[in-house]
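To start, the structure itself, in structure tokens.
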Amino acid sequence: MSRADFSLYSNAFPMSNTLPPIRVAVTGAAGQIGYALLFRIASGAMFGPDRPVILQLIEAPVEKAMKALEGVAMELDDCAFPLLKNIIMTDQPEVGFKDANWVVCVGSVPRKDGMERADLLKDNGKIFIGQGQIIDRVAADDARVAVVGNPANTNCMIAASQAKRLTPDRFTAMVRLDQNRAQTQLAKKAGVDLTAVKDIFIYGNHSPTMVSAYCNATIGGKPVSEVITDHTWLQGPFFETVGKRGAAIIAARGASSAASAANALTDHVRDLMTPGKVHSIAVKSEGHYGFDPKVWAGMPVRTTTPGAYEIITGQVLCDFCKGKIAVTNQELVDERAFVADMISG
Ligand code: NAD
Ligand code: LMR
């Protein structure tokens, strides 16, 4: 990428070469998503063109994974990224999370064809107990955590529940891939450029019950339902395509989405570091939009200061979306009950 590509971010990231490096811990760094993600972080796509980074890469204590990680680090070296100041490789979370300003939790098992993401709960959920505790103990005071490993909302809740020092708002889960998917589907259906679609936000779980709330979105400045008058499509195939896109990719590729997930995570963190941005993330619901206050649900937030957000509370949703929110909320409540033994407090 040329430096000109970063002009978009120049307001958010001061143009200076003297910024201290940001420490970014990434679990599952040698996996599929890791392989697409690390190069974006090191190039400056996540934290801007003037923010040096130190990558703290964490893998499972398995020889094959650590060996693969060495290969990824060699490739990072071979890119000669000016912003990349150091690479730490470890199978010890205490080392990898130490002083991290951002922790990106990717490491976990992806689902296979025929599974739902919730089928991963018992296996993946327990990873987030120990990691939540260690992040809380050793990460930087300003640490922020983004959970990608599925089922992302509930894993994030498990990790956050372990924390005594870091408050729940520091823990977010990714629904940005769903927002990006929804935006593209609306643009294709309307036959417009992607950038004409605004304010499409995702509510609820990163699962087929997610709610792509088209009722507040616009296309070319007009409400979506005025531009796409096929309401049967909006409430049927549109919801279905976005909600089941992950499974469709697994069926086609034989492996779960990776490059688009890494791209969405880059969007998630970059927008959460950019004051004024309004975007979908899964956060502790605090009871907004009828969600159980204890679950982590996707919803629109506005970034206030780098890394911090406020929930957008004023969205008036249509009856169809409200009904769907009740369903996705119930699924999150059920997932919480299923992992009750993994939640602290
Ligand atoms: P992958 O199997 O290619 O890589 C996962 C990596 O995690 C492996 O290298 C593995 O060794 C490592 N790992 C496992 N347990 C670990 C632990 N305890 N600590 C550190 N590392 C550990 O999988 P992937 O395709 O990169 O997907 C990773 C996760 O992301 C999956 O759970 C997948 O379902 C999820 N995902 C989420 C979204 C989303 O939108 N939220 C999108 C795509 C994928
Ligand atoms: C996705 O949405 O692509 C990921 O969550 C992977 C999956 O299992 O669907």
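Along the sequence shown, residues carry numbers from 1. We count ligands from 1, going down the list as the structure has it; atoms in each ligand are counted the same way.
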Give the atom numbers and elements of ligand 1 that come within less than 4.0 Å of a heavy atom of Ala261. 42 (C), 43 (C)
Ligand 1 contact on Ile127 by region, counting heavy-atom pairs under 4.0 Å: side chain
Got an N/O contact under 3.5 Å between Ala65 and ligand 1? no
If we only count heavy atoms from C-beta on, is the Leu121 to Asn155 side-chain gap below 4.5 Å? yes
Judged by heavy atoms only, the candidate from Gly149, Ala30, Ala173, Pro110 nearest atom 23 (O) of ligand 1 is Pro110
Which value, rounded to the nearest 0.5 Å, describes the distance between Tyr309 atom OH and Arg144 atom CZ? 9.5 Å
How does Gln131 reach ligand 1, by side chain, by backbone, by both or by neither, if only non-hydrogen atoms under 4.0 Å count? side chain
Roughly how far, to the nearest 0.5 Å, is the CE atom of Met66 from the CD atom of Glu59? 7.5 Å
CD1 of Ile41 to CG of Leu265: how many Å apart, nearest 0.5 Å? 7.0 Å
Any side-chain heavy atom of Leu57 sitting closer than 4.5 Å to one from Ile87? yes
Tell me which part of Ile33 gets within contact of ligand 1: side chain, backbone, both or neither, using heavy atoms under 4.0 Å. both
As a test of understanding, state which of Glu335, Arg117, Glu331 forms a side chain to side chain donor-acceptor pair (under 3.5 Å) with Thr154. Glu335
Give the residue and atom name of whichever protein heavy atom lies nearest to atom 4 (O) of ligand 1, and the separation in Å to one decimal. Gly31 CA, 3.2 Å
Could you tell me how the ring of Phe320 sits relative to the ring of Tyr214: parallel (under 30°), tilted (30 to 60°) or perpendicular (over 60°)? tilted
Minimum-distance protein heavy atom relative to atom 14 (C) of ligand 1: Ser108 N, 3.8 Å
Give, for atom CG of Leu83 and atom NZ of Lys85, the distance between the pair rounded to the nearest 0.5 Å. 6.5 Å
Decide whether an N or O pair under 3.5 Å exists between Gln32 and ligand 1. yes
Got the closest protein heavy atom to atom 37 (C) of ligand 1, with its distance? Val148 O, 2.9 Å
Using distance alone, decide if ligand 1 has a nitrogen or oxygen within less than 3.5 Å of any nitrogen or oxygen in Asn150. yes
Is the closest side-chain donor-acceptor distance between His268 and Thr172 under 3.5 Å? yes
How many angstroms lie between atom CG of Asn329 and atom NZ of Lys322, to the nearest 0.5 angstrom? 15.0 Å
When only distance counts, is Glu59 in polar contact with ligand 1, meaning an N/O pair under 3.5 Å? yes
Residues Asp142, Arg170: salt bridge by 4.0 Å N-O rule: no
I'd like to know if Asp292 pairs up with Arg336 as an ion pair, taking the criterion as any Lys NZ or Arg NE/NH1/NH2 lying under 4.0 Å from an Asp or Glu carboxylate oxygen. no
How far is atom 39 (C) of ligand 1 from the closest protein heavy atom, and which atom is that? His206 NE2, 3.2 Å
How far is atom 29 (C) of ligand 1 from the closest protein heavy atom, and which atom is that? Val106 O, 3.4 Å
Could you identify the single nearest non-hydrogen protein atom to atom 6 (C) of ligand 1 and state the distance to 0.1 Å? Gly28 CA, 3.6 Å
Polar proximity ligand 1 side, Val109 side, N/O cut 3.5 Å exclusive: yes
If you count heavy atoms of other groups shown closer than 6.0 angstrom to NZ of Lys122, is the number above 12? yes
Which N or O atoms of ligand 2 sit under 3.5 Å from a protein N or O, and how far apart is each pair?
{"from": "ligand 2", "atom 1": "2 (O)", "to": "Arg117", "atom 2": "NH2", "distance (Å)": "2.7"}
{"from": "ligand 2", "atom 1": "2 (O)", "to": "Arg181", "atom 2": "NH1", "distance (Å)": "2.9"}
{"from": "ligand 2", "atom 1": "2 (O)", "to": "Arg181", "atom 2": "NH2", "distance (Å)": "3.4"}
{"from": "ligand 2", "atom 1": "2 (O)", "to": "His206", "atom 2": "NE2", "distance (Å)": "3.2"}
{"from": "ligand 2", "atom 1": "3 (O)", "to": "Arg181", "atom 2": "NH2", "distance (Å)": "2.7"}
{"from": "ligand 2", "atom 1": "3 (O)", "to": "Ser257", "atom 2": "OG", "distance (Å)": "2.7"}
{"from": "ligand 2", "atom 1": "5 (O)", "to": "Arg117", "atom 2": "NE", "distance (Å)": "2.8"}
{"from": "ligand 2", "atom 1": "5 (O)", "to": "Asn150", "atom 2": "ND2", "distance (Å)": "2.8"}
{"from": "ligand 2", "atom 1": "5 (O)", "to": "His206", "atom 2": "NE2", "distance (Å)": "2.6"}
{"from": "ligand 2", "atom 1": "8 (O)", "to": "Arg111", "atom 2": "NE", "distance (Å)": "2.5"}
{"from": "ligand 2", "atom 1": "9 (O)", "to": "Arg111", "atom 2": "NE", "distance (Å)": "3.2"}
{"from": "ligand 2", "atom 1": "9 (O)", "to": "Arg111", "atom 2": "NH2", "distance (Å)": "2.7"}
{"from": "ligand 2", "atom 1": "9 (O)", "to": "Arg117", "atom 2": "NE", "distance (Å)": "3.1"}
{"from": "ligand 2", "atom 1": "9 (O)", "to": "Arg117", "atom 2": "NH2", "distance (Å)": "3.0"}

Answer yes or no: is there an ion pair linking Glu240 with Lys244, defined by an N-O contact shorter than 4.0 Å? yes
Interfacing atoms of ligand 1 (cut-off 4.0 Å, heavy-atom, Ser257): 42 (C), 43 (C), 44 (C)
Quick one: nearest non-hydrogen protein atom to atom 16 (C) of ligand 1, plus distance? Ala60 CB, 4.0 Å
NZ/NE/NH1/NH2 to OD/OE distance under 4.0 Å, Asp230 and Lys189: yes
Is it the side chain (CB and beyond), the backbone, both or neither of Ser256 that lies under 4.0 Å from ligand 1, heavy atoms counted? side chain
